[in-house]
Amino acid sequence: MPEYRFLKTPSEGETITFNGSLEVPDQPIIPFIEGDGVGPDVSQAARIVFDEAVAHAYGRTRKIVWFDVPAGEAAFKKYNDYLPNDTFEAIRQHRIAIKGPLTTPVGGGFRSLNVTLRQVMDLYACVRPVRYFEGVPAPVKNPEKLDVVIFRENTEDVYAGIEWASGTAEANALIEFLKTKFNKTIRAESGIGIKPMSAFGSKRLVEAAIRYAIAHNKPSVTLVHKGNIMKFTEGAFMKWGYEVAKEKFAEETVTEQEVNELHGGKVPEGKVVIKDRIADSMLQQVLLRPDEYSVIATPNLNGDYLSDACAAQVGGLGIAPGGNINYMQGMALFEATHGTAPKYAGQDAANPGSLILSGAMLFEYLGWNEAAGLIYSAFGRTIQQKRVTYDFHRQMEDAELLKTSEFGKAVVENMG
């Protein structure tokens with residue numbers, strides 16, 4: 001057991017272990033970060049839903065033992081540290097955690113706490129399911145056609161954070177190095193960033209996406225990249241993705257090219273189609289032909305754009321779940337995918353849907369599918385009843401306006 005500086009492990013509950021697969025006790029200890037801004041509001045509403053889903057599904061035989069751990073503004077006020085080492089140790093020890101939104105300054109200040117958690121803990125796959133719940137106000141005509149799971153690489157690309165500000169000695173030295181060593185001219189006083197993408201990082205991400213598609217009977221995996229321009233980073237991501245499919249899943253997969261050239265345009269039964277699309281084209285595809293895509297694997301920055309764009313088609317980030325997962329080590333951090341919305345902090349007004357649905361993903365990861373199913377069905381039923389928070393209420397006719405806490409209770413009611 002780790003030695004914490006500030007924290008104390010809960011007196012009840014057991015630790016999840018991993019030996020090639022998760023071994024989940026009936027009362028697992030799950031670290032919980034409430035988050036900043038609206039984080040406490042949505043976290044409290046979501047936790048009620050989680051506890052009731054487990055109780056409804058398993059009675060007294062199972063229970064989540066929550067372990068509150070600090071991060072963000074609350075942690076800084078109490079411990080003078082935005083991400084105390086105790087928090088990292090608690091998540092490492094107990095393997096599975098969930099969190100609300102955390103503050104990220106724009107253009108300066110400390111680096112993103114979200115990115116730091118993902119990279120320090122090597123949570124290489126950001127998994128974002130995007131689906132439509134009937135009744136949710138949406139800007140497209142047929143939002144139900146979009147049903148994708150996006151696997152976004154989490155640790156490389158420009159998000160690696162290797163950059164230097166304009167005018168610094170480091171930036172000037174790199175500009176000079178590139179000029180003298182490689183005859184590449186960069187404008188003076190440029191900010192400089194490095195975009196690393198490795199075979200190791202790309203292949204393990206694509207492997208996770210293909211395994212997911214096979215396990216969930218999804219028809220295709222699409223590699224999204226900008227390889228027509230960035231040939232040795234994004235183009236390599238595409239190449240490495242096809243290599244993974246051929247090397248590890250030759251019996252289960254077929255490329256789109258093979259379907260057209262060898263199978264007369266008809267996908268062989270039981271095969272997952274591996275295809276690729278240019279990133280800018282893909283942003284059109286998910287709008288115009290969304291039902292042609294099911295699982296998407298993409299580098300970090302493209303995945304950031306694409307996951308938010310898809311979420312916008314089915315109701316927005318307020319109900320967009322996500323998880324950051326290391327499948328090789330059985331580590332996972334599920335999260336609200338929206339920001340902290342400080343304007344609404346403490347007002348009991350924000351939509352807790354993103355965190356609630358991320359909790360359902362957590363239960364699926366634990367293998368507690370009955371609890372996850374209860375959350376999905378009760379959440380959908382609440383929306384259909386037009387019992388919603390302000391973000392949806394202002395777009396719906398004859399809807400009942402609920403506070404954050406009231407929405408959580410309404411979801412629980414619909415579990416009955």
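For reference, positions follow the sequence shown, starting with 1.
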| Do Lys231 side-chain atoms and Asn228 backbone N/O form a donor-acceptor pair below 3.5 Å? | yes
| message | Set out, in order, the CA-CA distance, both residues' side-chain angles and the distance that settles side-chain hydrogen bond (donor to acceptor under 3.5 Å, both in side chains) for Tyr4 and Glu89, then state yes or no. | response | CA-CA 8 Å; Tyr4 298 121; Glu89 290 302 319; over 6 Å; no
| pair Leu22-Tyr365: side-chain heavy atoms closer than 4.5 Å | yes
| query | Are any of the side-chain heavy atoms of Ile375 and Val49 separated by less than 4.5 Å? | reply | yes
| said: Quick check: do Ile30 and Phe67 have side-chain heavy atoms less than 4.5 Å from each other? | reply: no
| Ser358 to Gly322 - nearest heavy-atom pair and separation | OG-N, 3.1 Å
| query | Closest approach of Lys195 and Glu234, non-hydrogen atoms and distance? | reply | NZ-OE2, 2.9 Å
| message | Determine whether a donor-acceptor pair (N or O, by modelled atom type, separation under 3.5 Å) exists between the side chain of Asn154 and the backbone of Leu123. | response | yes
| query | Checking Asp36 side chain against Thr340 main chain: does a donor-acceptor pair fall under 3.5 Å? | reply | no
| query | Is Lys184 positioned over the aromatic face of Phe177, cation under 6.0 angstrom from the ring centre and no more than 45 degrees off axis? | reply | no
| Tyr327 side chain near Arg204 side chain, heavy-atom distance below 4.5 Å | no
| Going by heavy atoms in the side chains, are Thr253 and Tyr242 under 4.5 Å from each other? | no
| query | Going by heavy atoms in the side chains, are Asn300 and Val158 under 4.5 Å from each other? | reply | no
| query | Within the distance-only criterion (no hydrogens, no angle test), does the side chain of Asn302 pair as donor or acceptor with the backbone N or O of Ala279 below 3.5 angstrom? | reply | no
| task | Could you go through the side-chain hydrogen bond (donor to acceptor under 3.5 Å, both in side chains) check for Thr382 and Asn414 one step at a time? | result | CA-CA 7 Å; Thr382 305; Asn414 279 316; 2.8 Å; yes
| Any idea how Phe32 and Phe50 line up, ring-wise: parallel (<30°), tilted (30 to 60°), or perpendicular (>60°)? | tilted
| Main-chain N/O of Phe76 paired with Asp81 side-chain donor or acceptor, under 3.5 Å | no
| task | Would you please say whether a donor-acceptor pair under 3.5 Å links the side chains of Tyr132 and Asn142? | result | no
| task | Decide yes or no on side-chain hydrogen bond (donor to acceptor under 3.5 Å, both in side chains) for Trp66 and Asp51, but give the supporting numbers first. | result | CA-CA 10 Å; Trp66 301 110; Asp51 289 340; 2.9 Å; yes
| message | Minimum heavy-atom separation for Leu355 and Ala336, please, with both atom names. | response | CD1-N, 3.7 Å
| Thr103 and Glu73: side-chain hydrogen bond (donor to acceptor under 3.5 Å, both in side chains), yes or no, with the steps? | CA-CA 7 Å; Thr103 297; Glu73 294 173 348; 3.1 Å; yes
| query | Any side-chain heavy atom of Phe379 sitting closer than 4.5 Å to one from Ile319? | reply | yes
Distance-only donor-acceptor pairs under 3.5 Å for side chains of residues 217-225, two or more places apart:
{"residue": "Ser220", "atom": "OG", "partner": "Ser294", "partner atom": "OG", "Å": "3.2"}
{"residue": "His225", "atom": "ND1", "partner": "Gly227", "partner atom": "N", "Å": "2.9"}
{"residue": "His225", "atom": "NE2", "partner": "Asp276", "partner atom": "OD2", "Å": "2.9"}

| Under 3.5 Å, is there a donor-acceptor pair between the Thr298 and Glu153 side chains? | no
| Closest contact, heavy atoms only, Ala138 versus Gln313 | CB-O, 3.3 Å
| Do any N or O atoms from the side chain of Gln257 and from the backbone of Lys275 form a donor-acceptor pair under 3.5 angstrom? | no
| said: Any side-chain to backbone donor/acceptor pair from Thr168 onto Trp164? Under 3.5 Å, distance only. | reply: no
| salt bridge (Lys or Arg N to Asp or Glu O under 4.0 Å) partners of residues 308-317, not counting sequence neighbours, each pair once | Arg128-Asp308
| query | Where do Gly318 and His338 come nearest, in terms of heavy atoms and distance? | reply | CA-CD2, 4.4 Å
| field | Check: Thr255 main-chain N/O paired with Glu258 side-chain donor or acceptor under 3.5 Å | value | yes
| message | For the residue pair Glu23 / Thr17, report whether a side-chain donor-acceptor contact shorter than 3.5 Å exists. | response | yes
| message | Any non-hydrogen side-chain atom of Asp304 less than 4.5 Å from a side-chain atom of Arg152? | response | yes
| query | Among side-chain atoms of Glu335 and Asn324, is any donor-acceptor pair under 3.5 angstrom? | reply | yes
| task | Could you tell me whether the side chain of Ser281 and the main chain of Arg277 form a donor-acceptor pair under 3.5 Å? | result | no
| Between the side chain of Ser354 and the main-chain N/O of Thr337, is any donor-acceptor distance below 3.5 Å? | yes
